[in-house]
Amino acid sequence: MKVDISFEAKSSSNYSVFIDSDKSLIFSGKVAIVTNPKVAGLHLKSLLEKLTSDELYIITIPDGEFYKNQESLDLILENLFNHKFNRGSTLIAFGGGVIGDMTGFAASLYQRGIDFVQIPTTLLSQVDASVGGKTGINNKFGKNLIGAFRQPQAVYIETEYLKTLPSREFGAGVAEIVKMAVTFDKDFFEWLENADLRSIEDLQLAIKKSVETKAWVVAQDEKEKGLRAVLNYGHTFAHVVENLTNYKRYLHGEAVSIGICMANDLAVRLDLLSTSQSQRVKDILVRYDLPTTFEITDVEAFYDHFSLDKKADDSKIKFILAKGLGDHQMRDDIDKEIVLSTLKEYSV
Ligand SMILES: NC(=O)c1ccc[n+]([C@@H]2O[C@H](COP(=O)([O-])OP(=O)(O)OC[C@H]3O[C@@H](n4cnc5c(N)ncnc54)[C@H](O)[C@@H]3O)[C@@H](O)[C@H]2O)c1
Ligand SMILES: [Zn+2]
């Protein structure tokens with residue numbers, strides 16, 4: 001399976017996403033695979049069996065979001081200098097979204113930009129992070145605040161890698177799949193209701209539909225001036241949940257699942273969504289063991305966290321809401337009282 005991503009104005013940025021194509025990967029010039037010890041231990045051997053290059057290096061970064069930082073970026077760049085990488089060299093990101101974002105950013109910086117390829121190994125990175133060209137690292141001011149838009153040369157998705165993924169990590173990816181279906185594609189949503197993503201055929205199709213959706217959105221709004229922000233559905237609430245739990249209790253996708261439920265409750269209050277539609281979304285999340293609720297101890301404090309979001313450009317809080325199933329509405333004019341009543345449904 002293949003999905004083509006095209007930015008009409010800049011054909012040099014066009015690329016393809018291959019899904020279970022089991023292609024041989026042939027590169028000329030120097031290549032470095034950036035990965036972490038866990039992914040390398042599980043899957044590097046099988047990747048190397050299908051990869052050919054003139055000169056190959058492996059750069060290993062410790063596992064975890066904590067290491068998506070300047071130090072790891074420097075480590076990647078220093079390796080490239082030490083091995084005299086040049087403009088014709090290629091970086092391969094082999095891991096989840098952490099590795100993908102960091103490798104893409106390193107590729108955008110080294111000698112003002114070299115080629116890079118994404119080989120995502122988590123469901124979340126296969127359906128979301130590896131496509132669309134957002135790259136970056138975290139710093140003490142927040143997540144992903146340093147980075148660049150840099151599209152990869154290609155994305156190679158192999159569902160085979162997901163066989164070793166812990167089930168919570170799998171669920172986290174499902175939350176992002178549900179996000180795309182609810183906001184953009186009614187048919188995809190209805191298909192998801194009856195699908196079993198633990199079966200390979202359904203999983204492949206869900207990945208393809210998600211990548212197509214994201215590609216369609218990104219092609220229209222690469223730099224997130226408008227439509228791309230819809231991909232943050234559930235995230236306004238999720239970021240607060242992640243923040244209040246110190247990024248420890250939930251995986252990002254799990255927090256997104258909670259955030260989707262909260263956003264839907266708000267949409268129900270605003271008559272954008274019916275109670276039964278909201279329940280149908282929840283039913284899918286529950287089937288993949290995703291959390292759908294969170295005990296809010298202080299609704300005012302929760303509300304205040306919305307405006308602490310470092311990326312908020314002004315005082316208005318932007319909510320992405322489901323408008324029925326398969327469509328969305330972006331709103332920055334919602335009465336605080338309506339939001340607080342929604343949050344009160346979650347208060348202890
Ligand atoms: N660029 C984007 O558009 C975008 C979109 C969404 C998320 N992100 C970023 O992606 C990151 C989250 O990505 P993630 O959820 O993939 O997390 P991750 O990269 O931390 O991977 C999750 C865990 O799974 C392990 N792992 C990876 N592949 C595995 C496999 N096949 N089998 C077993 N274990 C495996 C990893 O080593 C890690 O411990 C965040 O940093 C987030 O900011 C970026
Ligand atoms: Zn997300």
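Counting convention: from 1, in listed order, for ligands and their atoms alike.
Proximity annotation for atom 13 (O) of ligand 1: of Pro120, Gly64, Gly97, Gly97 comes nearest, heavy atoms only. Looking at Gly136, Ala129, Gly100, Ala93 and measuring to atom 2 (C) of ligand 1, the nearest heavy atom belongs to Ala129. Of the listed residues (Glu158, His43, Glu65, Glu224), the one carrying the non-hydrogen atom nearest atom 41 (O) of ligand 1 is Glu65.
In terms of protein heavy-atom proximity, atom 23 (C) of ligand 1 is closest to Glu169 OE2, 3.5 Å. For atom 39 (O) of ligand 1, the closest heavy atom belonging to the protein is Asp63 OD2, 2.8 Å. Given atom 9 (C) of ligand 1, the protein heavy atom at minimum distance is Asp101 OD2, 3.4 Å. Atom 30 (C) of ligand 1 has as its closest protein heavy atom Thr164 OG1, 3.5 Å. The shortest contact between atom 21 (O) of ligand 1 and any protein heavy atom is with Thr122 CG2, 3.6 Å.
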Phe306 vs Phe237, test: ring-ring contact (aromatic ring centres under 6.0 Å, His included). Steps then yes/no.
CA-CA 8 Å; Phe306 287 135; Phe237 294 93; 5.4 Å; yes

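Of the heavy atoms in Val39, only side-chain atoms (C-beta onward) come closer than 4.0 Å to ligand 1. No part of Leu251 comes within 4.0 Å of ligand 1, judged by heavy-atom distances. Counting heavy atoms closer than 4.0 Å to ligand 1, residue Lys38 contributes side-chain atoms (C-beta onward) but none from N, CA, C or O. At a heavy-atom distance under 4.0 Å, atoms from both the backbone and the side chain of Leu165 approach ligand 1. The part of Lys214 lying near ligand 1 is the side chain, judged by heavy-atom distances below 4.0 Å. By the criterion of a heavy-atom distance under 4.0 Å, the side chain of Leu124, and not its backbone, is placed next to ligand 1. Under 4.0 Å from ligand 1, not a single heavy atom of His252 appears. When heavy-atom distances to ligand 1 are checked against a 4.0 Å cut-off, Leu162 has no atom that comes that close, whether in backbone or side chain. With a heavy-atom cut-off of 4.0 Å, Leu42 touches ligand 1 through its side chain alone. Looking at Glu176 against ligand 1, nothing comes within 4.0 Å, counting heavy atoms.
Per-residue contacts place Asn144 under 4.0 angstrom from the following atoms of ligand 1 (heavy atoms of the residue considered): 43 (O).
In this structure, the ring of Phe184 has its center less than 6.0 angstrom from the ring center of His328. Residues Phe94 and Tyr161 place their aromatic rings such that the two centres sit under 6.0 Å apart. The distance between the ring centers of Phe18 and Tyr156 falls below 6.0 angstrom.
Among the atoms of Asp128, none of the N or O lies under 3.5 angstrom from an N or O of ligand 1. Here's the thing with Pro166: none of its N/O atoms is less than 3.5 angstrom from an N/O atom of ligand 1. The distance criterion of under 3.5 Å between nitrogen or oxygen atoms is not met by Lys143 with respect to ligand 1. Between Arg228 and ligand 1, no N or O atom pair is found at a separation short of 3.5 Å. For a threshold of 3.5 Å applied to N or O pairs, the pair formed by Thr135 and ligand 1 contains no separation below that value.
Not one N/O/S atom of Asp128, from backbone or side chain, sits under 2.8 Å from the Zn ion (ligand 2).
For Lys163, the heavy-atom gap to ligand 1 stays at 4.0 angstrom or more.
The backbone N or O of Met102 lies less than 3.5 Å from no partner atom in the side chain of Lys68, so there is not a single donor-acceptor pair.
In Lys186, the NZ atom is not crowded: 12 or fewer heavy atoms of neighbouring residues, nucleotides or ligands sit closer than 6.0 Å.
Here Arg269 pairs with Glu345 in a salt bridge; the nearest charged N to carboxylate O distance falls below 4.0 Å.
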